[in-house]
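Just below is one structure, and these are the notes that go with it.
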Amino acid sequence: MKEKITGSEALMRSLQAEGVKTIFGYPGGSIMPVYDALYDYTRGEKKAFDHILVRHEQAATHAAEGYARVSGEVGVCIVTSGPGATNTLTGIADAMMDSTPIVVIAGQVSTAVLGTDAFQEVDLVGVAQPISKWSYQIRHAEDIAWAVSRAFYIARSGRPGPVVLDFPRNAQVSMVDYKPMKVDFVRSYVAYPEPDMEAIGKAAELIDNARRPLALVGQGVELGNAQQELIDFLEKADIPAARTMLGLSALPSNHPLNMGMLGMHGNYAPNIKEQECDVLIAIGMRFSDRVTGNVETYARQAKIIHLDIDRSEIDKNVKTDVAVVADCKESLPAITRLIHQNSHREWRESFAPLAEKEMERVIRPALHPQEGPLLMGEVVDAIAQATDGRNITVTDVGQNQLFSTRYSLFNEPRSIATSGGLGTMGYGVPAAIGATFGAPGRQVVCFSGDGGFQMNIQELGTIMEQQAPVKMVILNNHYLGNVRQWQDMFWQRRKSFTRMMNPCYELIAQGYGIPYMAVTDRSNLQEAVATMMAAKGPFIMECAIKEDDDVLPMTPPGMSIDQMQLAVDND
């Protein structure tokens with residue numbers, strides 16, 4: 001005799017079958033039956049999940065993103081209908097842009113009143129469809145097991161991304177003969193394309209004949225768990241490599257073939273050399289405009305090989321000569337087997353003078369100033385040295401993001417969580433909360449500016465309740481720093497509404513019971529970092545930063561990527 005259970009109970013069992021351990025969420029009227037079922041699954045003999053009550057639904061999605069980024073698993077959040085659901089849209093769009101696997105389960109009004117403008121009714125499927133990998137409404141309890149399994153399969157397979165399940169109340173309370181289901185195939189959806197051996201052969205031939213090859217390493221390497229396969233490939237062919245912002249921990253910072261970060265605020269040498277290489281190998285990256293600069297002048301001299309699991313990325317922004325559409329976990333070893341052992345010593349060494357030029361003009365002054373107010377770079381560097389690059393770096397968006405990605409060290413896989421494509425201010429603190437649950441044995445350091453920190457400041461309540469051991473660094477310059485820099489550089493220094501009046505963060509920390517320390521002078525920096533790192537739970541370190549501290553080098557918008565400015569022109 002089959003067991004009849006409610007749709008809400010069926011959801012719990014389906015999540016359990018997918019291996020879910022942690023759920024981020026916020027209850028409400030239309031999701032109440034699910035939360036009633038969840039009650040039993042978070043305690044006692046049935047305990048299967050830890051539920052983390054966030055203070056805002058957007059934070060639930062960012063926490064799920066942070067969890068997914070560092071764990072390699074699917075992040076999960078549950079919210080109610082209407083404003084609860086629409087509050088998740090920023091996080092869904094963020095996850096879509098950055099290929100982060102999350103499943104958002106939202107309550108919905110009963111199907112009988114859909115389309116009547118019922119209380120807290122929103123067409124979530126319609127709204128979420130353009131910014132999700134799959135968006136589906138579960139109208140019948142009989143479809144729950146199938147829909148949940150399909151959602152997780154789509155979210156985690158191929159190029160990962162967000163999936164939205166809209167769950168009307170009648171399906172939550174209806175009785176159903178529950179039967180577990182495992183979806184591992186979706187018609188017309190090819191999650192893992194078979195590598196084209198002819199294309200792999202052409203790629204290997206180009207690489208063997210290259211005199212000045214350069215690899216561009218993206219997040220796809222980490223999404224495919226191909227970190228070692230990447231190293232084997234680079235070392236056999238002796239190819240220098242540069243990383244995108246999201247791919248920073250795909251190749252250790254201390255690896256001799258690592259030449260730095262790409263992009264508008266990346267390192268000088270790899271950006272210059274992109275315009276000099278004769279073969280460019282892009283691995284699991286999408287040729288973002290922040291990487292290419294003016295696409296019309298980008299790498300015109302080079303033969304371009306693009307390795308990506310998503311066929312839609314091929315030739316989308318940059319025309320390729322050879323495309324290998326496959327998981328890089330398969331394509332990289334296939335190419336490595338065909339290429340010859342090689343040496344490009346002279347080419348590799350040509351990066352050094354450019355790196356030294358950046359070191360002299362930008363990095364040393366940023367990390368070791370002799371006088372004046374604190375700089376963001378020296379704060380980030382002090383933490384990087386204290387952790388030897390073994391921590392997880394989470395950032396908000398703005399100058400704090402650019403300084404912390406430039407000057408942090410990444411010597412462990414899955415060590416970076418940041419909002420790349422969407423550039424979401426407010427991402428940092430909730431994503432850091434998620435990271436502490438996704439990688440509980442690792443130190444999580446979150447860098448925020450005073451602007452971004454306030455966008456989800458209410459999540460200090462989540463940190464207080466969970467005692468999530470997030471080390472929060474507020475780089476406070478009393479400005480929306482990145483916008484201020486652009487106003488200074490490109491808008492005649494007309495600082496239109498970028499200066500901020502900030503609250504007393506010490507009193508706020510006190511209100512949430514979180515230890516706090518202020519750093520106003522570099523003589524106290526090392527002591528403050530040591531104190532923060534030694535703290536067992538959460539900690540806030542606020543640093544008084546020079547107001548006009550600029551992120552350099554910089555490729556101005558619309559310019560060729562090799563037209564990087566090492567200094568701000570004050571004329």
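What you see is a predicted model; the values in this text were computed from it and never measured.
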Checklist line | Neighbour count >12 (heavy atoms, 6.0 Å) for atom CD, Glu346 | finding: no

Check: Does CD belonging to Glu205 count more than 12 external heavy atoms closer than 6.0 Å?
Finding: no

Notebook entry, point to check: Within 45° of the axis and under 6.0 Å from the centre of the six-membered ring of Trp134, does NZ or CZ of Arg150 qualify?
Noted result: yes

Notebook entry, point to check: Can the positive tip of Lys273 be found less than 6.0 Å from the middle of the six-membered ring of Phe351, inside 45° of the ring normal?
Noted result: yes

Notebook entry, point to check: Is it true that the side chains of Lys133 and Tyr189 contain a donor and an acceptor less than 3.5 Å apart?
Noted result: yes

Margin query: Please tell me whether Glu222 and Ser249 have a donor and an acceptor in their side chains that are separated by less than 3.5 angstrom.
Written below: yes

Note to self: So, taking the atom named CD in Gln58 and the one named SG in Cys77, what distance separates them when rounded to the nearest 0.5 Å?
What the structure shows: 11.5 Å

Notebook entry, point to check: Roughly how far apart are His344 NE2 and Leu214 CG, rounded to 0.5 Å?
Noted result: 11.0 Å

Margin query: Set out, in order, the CA-CA distance, both residues' side-chain angles and the distance that settles salt bridge (charged side-chain N to carboxylate O under 4.0 Å, His left out) for Arg390 and Asp388, then state yes or no.
Written below: CA-CA 6 Å; Arg390 306 293 171 186; Asp388 192 31; 3.7 Å; yes

Check: So, His51 versus Tyr41, ring centres under 6.0 angstrom or not?
Finding: no

Item checked: Trace of the side chain to side chain donor-acceptor pair (under 3.5 Å) decision for Asp315 with Thr320 -> CA-CA 6 Å; Asp315 296 334; Thr320 58; 2.9 Å; yes

Next item on the list: Give a yes or no answer on whether the side chain of Asp98 reaches the backbone of Gly420 with a donor-acceptor pair at less than 3.5 Å.
Entry: yes

Next item on the list: Please step through salt bridge (charged side-chain N to carboxylate O under 4.0 Å, His left out) for the pair Arg364 and Glu356, ending with a clear verdict.
Entry: CA-CA 10 Å; Arg364 286 195 188 100; Glu356 178 54 36; 3.0 Å; yes

Show the atom names and distances, to 0.1 Å, of all donor-acceptor pairs under 3.5 Å that link a side chain in residues 425-440 to residues at least two apart or in another chain.
from, atom 1, to, atom 2, distance (Å)
Thr436, OG1, Ile433, O, 2.6

Margin query: With heavy-atom distances below 4.5 Å as the criterion, would you say the side chains of Arg406 and Val551 are in contact?
Written below: yes

